[in-house]
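Notes for the one structure printed next.
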Amino acid sequence: MIFVDGLPFSLKSSSSSSSSSKSQPSDLLVALMEHQVLVSATHSFKSIQERKVSASMDSKLITSSNSSRYVYLFQREYATVDPSLVHYVGTDEATTCVGVVIRNRKNGMTSVSHMDSPKIVDIGFSQMLALVVDHNLDADLDVHLVGAFEDVSPNHASGRSISQGKRDGYSIPLCRKIVETMQKRPEKFHVKTLCVLRHNTKYDSQGNALPIFNGLLVETSSGTLIPASFDKTSRCPDEIVRRLRVSSSHKDPSWQGKLLDTYDTKTDRFIIAPCSWTKHLVQIVLSLQSLSDSEILASCSTSPLAEGPEFVDNERRLWNYLIKNPDWRTTFPMRQPRVFERTGDGCWKRAGFSSQGQRT
């Protein structure tokens with residue numbers, strides 16, 4: 001069930017708070033987008049300066065212990081973090097994707113995901129909530145949604161045509177599925193930020209739509225939400241392998257309809273489950289190498305004009321890894337996960353495994 005400003009939200013109740021003066025919106029997503037409280041909250045969020053995060057972390061993120069612990073998430077990943085172990089959790093590189101934050105007001109347990117498809121929303125919410133609600137369906141959960149810019153014409157995204165099939169693009173179906181899932185679930189979701197679609201869209205000099213924010217950072221102790229971007233050094237640990245898992249998971253039946261689970265909440269470790277790739281994929285990558293930057297954007301992105309400057313380089317680094325490691329067993333010997341533990345300064349180190357699969 002969705003709550004806004006402490007009250008249960010429904011299409012009927014939204015009529016008094018909607019900015020639409022002539023007609024009642026027929027879509028739950030549209031009604032939420034027009035809710036005055038959420039519009040005001042989004043304006044406040046957009047007024048916050050974006051935080052740029054590097055491996056050494058911004059000085060403002062350093063805690064009293066002088067070592068800030070944070071968890072970074074790639075596309076399709078999620079993590080539930082304990083505020084006693086992790087100070088910040090965040091994601092970026094979202095264009096038509098949505099960064100979803102769910103935080104238990106009582107104990108501060110915070111789950112963040114980088115959702116990229118309506119197909120993973122239902123199971124994805126169950127995954128995120130497993131350690132957040134702890135069987136307490138009456139828990140008050142604060143929710144923030146950031147991302148998914150308006151990748152179709154504003155006219156197509158109006159209340160009248162928001163359900164017109166392929167004209168929806170990628171962002172609208174994902175956002176709609178997220179809010180509909182929250183509304184039908186029994187938990188109490190207090191939507192605090194809805195910086196998506198037109199609220200997260202700007203235009204360049206050529207009139208091309210671009211996202212205002214591509215990422216977010218959550219302070220787990222307070223629940224404070226900050227617009228954020230991460231540089232290459234801060235997207236860790238095991239960046240390339242985790243990016244590769246996003247691609248390989250699409251054809252892995254064990255991950256269908258699910259978010260990728262990479263972080264262990266109780267031990268504060270990354271446990272990257274093994275994935276495999278075929279020789280056919282390596283052959284495809286070899287053929288892609290000759291593409292120009294613009295061709296890579298057109299072929300590999302849902303929103304070519306909105307991608308960040310690192311997109312093409314990230315794709316090429318991923319392809320180079322596959323070419324150098326055509327056999328997935330080189331990356332995951334004996335099908336063992338890749339495990340990373342926290343060091344004293346908040347960074348990550350690889351933990352080895354013996355032949356019996358025990359951590360060494």
Side-chain angles (χ1 to χ4, degrees), residues 1-9 32 35 37-38 40-42 44-46 48 51 53 60-61 63 68-73 77-92 94 97-115 120-148 175 178-179 181-183 185-196 199-200 213 215-228 230 259 261-266 268:
M1 180 77 178
I2 292 176
F3 288 73
V4 177
D5 200 27
L7 300 174
F9 181 85
L32 281 168
H35 197 291
V37 170
L38 292 180
S40 177
T42 298
S44 296
F45 176 71
K46 289 160 70 172
I48 302 172
R51 186 73 51 80
V53 183
K60 294 180 180 179
L61 299 185
T63 64
S68 186
R69 296 177 171 225
Y70 73 103
V71 167
Y72 177 82
L73 300 169
E77 291 185 343
Y78 87 101
T80 300
V81 302
D82 185 332
S84 68
L85 298 175
V86 177
H87 304 122
Y88 298 91
V89 55
T91 186
D92 72 341
C97 300
V98 177
V100 180
V101 179
I102 304 176
R103 182 177 183 273
N104 188 318
R105 289 181 179 177
K106 184 176 180 180
N107 58 24
M109 291 293 287
T110 304
S111 192
V112 176
S113 70
H114 186 130
M115 292 193 174
I120 51 94
V121 172
D122 284 332
I123 297 178
F125 262 82
S126 294
Q127 290 174 282
M128 294 179 71
L129 291 166
L131 295 178
V132 171
V133 297
D134 194 24
H135 307 296
N136 179 13
L137 297 181
D138 288 330
D140 289 304
L141 308 173
D142 287 341
V143 176
H144 306 273
L145 306 180
V146 178
C175 291
I178 290 171
V179 298
T181 296
M182 287 194 295
Q183 187 71 317
R185 290 189 64 100
E187 296 87 1
K188 296 164 65 175
F189 298 103
H190 295 264
V191 179
K192 310 297 288 185
T193 308
L194 192 62
C195 189
V196 299
H199 296 319
N200 189 41
F213 299 120
L216 59 88
L217 192 70
V218 184
E219 183 179 39
T220 59
S221 62
S222 65
T224 300
L225 186 73
I226 308 166
F230 296 73
L259 292 165
D261 187 355
T262 58
Y263 174 78
D264 185 77
T265 305
K266 295 180 180 179
D268 188 33

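Side chains are part of it too, since the values below use all heavy atoms of this structure and drop only hydrogens, waters and symmetry mates.
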Measuring from atom [atom1] of [X] to atom [atom2] of [Y], what distance do you get when rounded to the nearest 0.5 angstrom?
X    : Y    : atom1 : atom2 : result
D264 : L85  : CG    : CG    : 10.0 Å
F125 : F189 : CZ    : CZ    : 5.5 Å
M109 : M128 : CE    : CE    : 12.0 Å
L217 : Y70  : CG    : OH    : 9.5 Å
E77  : S113 : CD    : OG    : 11.0 Å
E187 : S126 : CD    : OG    : 7.5 Å

Query raised in the report: Has the side chain of S40 got a donor or acceptor atom that lies under 3.5 Å from a matching backbone atom of L38?
Result: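 Judged by distance alone, no pair lies under 3.5 Å.
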Report task. Would you check if the side chain of Q183 reaches a backbone N or O of I2 as a donor-acceptor pair within less than 3.5 Å? Result ->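 Pair found, side chain donor or acceptor close to backbone of I2.
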With sequence neighbours excluded, tell me which residues meet side-chain contact (heavy atoms from CB on, under 4.5 Å) with [X].
X    : answer
V132 : T80, I102, N104, S111, L141
P227 : F45, I48, E50, F213
D5   : V37

Query raised in the report: Could you go step by step and tell me if K188 and D138 meet the salt bridge (charged side-chain N to carboxylate O under 4.0 Å, His left out) rule?
Result: CA-CA 7 Å; K188 296 164 65 175; D138 288 330; 5.5 Å; no
Query raised in the report: Would you call D142 and R105 a salt bridge, using N to O less than 4.0 angstrom?
Result: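 The answer is yes: the pair qualifies as a salt bridge.
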Query raised in the report: So does D268 pair up with R69, basic N to acidic O under 4.0 Å?
Result: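 Counted as a salt bridge, because a side-chain N and a carboxylate O are separated by less than 4.0 Å.
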Report task. Indicate, with yes or no, if the rings of F3 and F9 have centres closer together than 6.0 Å. Result ->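 Ring centres of F9 and F3 not closer than 6.0 Å.
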Query raised in the report: Between the side chains of T265 and D82, does any donor sit under 3.5 Å from an acceptor?
Result: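 Per modelled atom types, T265 and D82 side chains form no pair under 3.5 Å.
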**Report entry** Side chains of T181 and V179 in contact at under 4.5 Å (non-hydrogen atoms)
**Finding:**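 Answer no - side chains too far apart.
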Requested in this report: Applying side chain to side chain contact (heavy atoms under 4.5 Å, CB included) between T193 and each of H144, H199, K46, report the one that passes.
Outcome: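 Of the listed options, the one satisfying the test is H144.
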